[in-house]
Amino acid sequence: MAYSTVLVGTDGSASSFRAVTAAASLATATGAVLVLACAYLPMRESERAAAADRLGELAYKVSGSTPADDALRAARRRAVAAGATEVVLAAEQGEAVDVLVSLASRHGADLLVVGNRGLNSLAGRLLGSVPSEVTRRAACDVLVVHTTDGGR
């Protein structure tokens, strides 16, 4: 099956960048558009004030969508290095699962790629992990990339 739009979630972590690299390679091989997606949550006012006190002029780097935008720029560099040529960036406020499923629908993604982080954790088993929830809720194919050692 050839994919025309591949969406991959990233949070800027090393493990999410492994998923980005895998998605970029797949998008390159199938000629698909690669959508790099990052969800973010707003900071509480107390956190924002503490960051502003410590960071001064650089406080903008931890507020709003700036951290997500930074993660997406880093992910784009990895995707391009893996061969992706048509890359779209999408940062959106909200919980990761909600954002990924919504963006996949809006971009017409026929494949959603996520890393396996959380699948083998206690929190993931008790609360539900992003990979398992995305797999359950997405209306397109989902590829879970092995990005962690899973405790081996």
Is there a side-chain contact between Leu100 and Arg137 (heavy atoms, below 4.5 Å)?
-> no

Inter-residue atom distance Asp141.CG - Thr135.OG1, 0.5 Å rounding = 10.5 Å

Could you tell me the separation between the OG atom of Ser102 and the NE2 atom of His107, rounded to the nearest 0.5 Å?
-> 8.5 Å

Nearest 0.5 Å please: distance from the OG atom of Ser15 over to the CG atom of Asn116.
-> 7.5 Å

If you look at every heavy atom in Ala109 and Cys140, which pair is closest and at what distance?
-> O-CB, 3.4 Å

Taking all non-hydrogen atoms of both residues into account, name the closest pair between Ala23 and Val6 and its distance.
-> CB-CG1, 4.0 Å

Least distance between heavy atoms, Ala91 atom then Asp69 atom = CB-OD1, 3.6 Å

Which atom of Thr10 lies closest to which atom of Ser16, heavy atoms considered | OG1-OG, 2.8 Å

Intermediate values then yes/no, side chain to side chain contact (heavy atoms under 4.5 Å, CB included), Val144 and Val142 = CA-CA 6 Å; Val144 179; Val142 175; 4.3 Å; yes

For the residue pair Val134 and Leu112, establish whether any side-chain heavy-atom pair is separated by less than 4.5 Å.
-> yes

Mind checking the CG-CG spacing from Leu7 to Leu143? Nearest 0.5 Å is all I need.
-> 12.0 Å

Could you pull out all residues at least two apart from Ser25 that satisfy side-chain hydrogen bond (donor to acceptor under 3.5 Å, both in side chains)?
-> none

Does any N or O in the side chain of Thr28 come within less than 3.5 Å of the main-chain N or O of Gly83, such that one atom is a donor and the other an acceptor?
-> yes

So, do Val87 and Leu89 sit near enough that their side-chain heavy atoms are less than 4.5 Å apart?
-> yes

Set of side-chain hydrogen bond (donor to acceptor under 3.5 Å, both in side chains) partners for Glu92, sequence neighbours left out = Arg106

Report yes if some heavy atom in the side chain of Val88 is under 4.5 Å from a heavy atom in the side chain of Leu34; otherwise report no.
-> no

Show the numbers, then the answer: is there a side chain to side chain contact (heavy atoms under 4.5 Å, CB included) between Val8 and Val35?
-> CA-CA 6 Å; Val8 60; Val35 180; over 6 Å; no

Are the side chain of Asp110 and the backbone N or O of Thr5 linked by a donor-acceptor pair below 3.5 Å?
-> yes

Taking all atoms of both residues into account, what is the closest heavy-atom pair of Ala39 and Ala96, and its distance?
-> CB-CA, 3.7 Å

Going by atom types only, do Tyr40 and Asp11 share a side-chain donor-acceptor pair under 3.5 Å?
-> no

Minimum side-chain heavy-atom gap Arg76-Leu36 below 4.5 Å | yes

If every non-hydrogen atom of Ala74 is compared with every non-hydrogen atom of Phe17, which pair is closest and at what distance?
-> CB-CZ, 3.6 Å

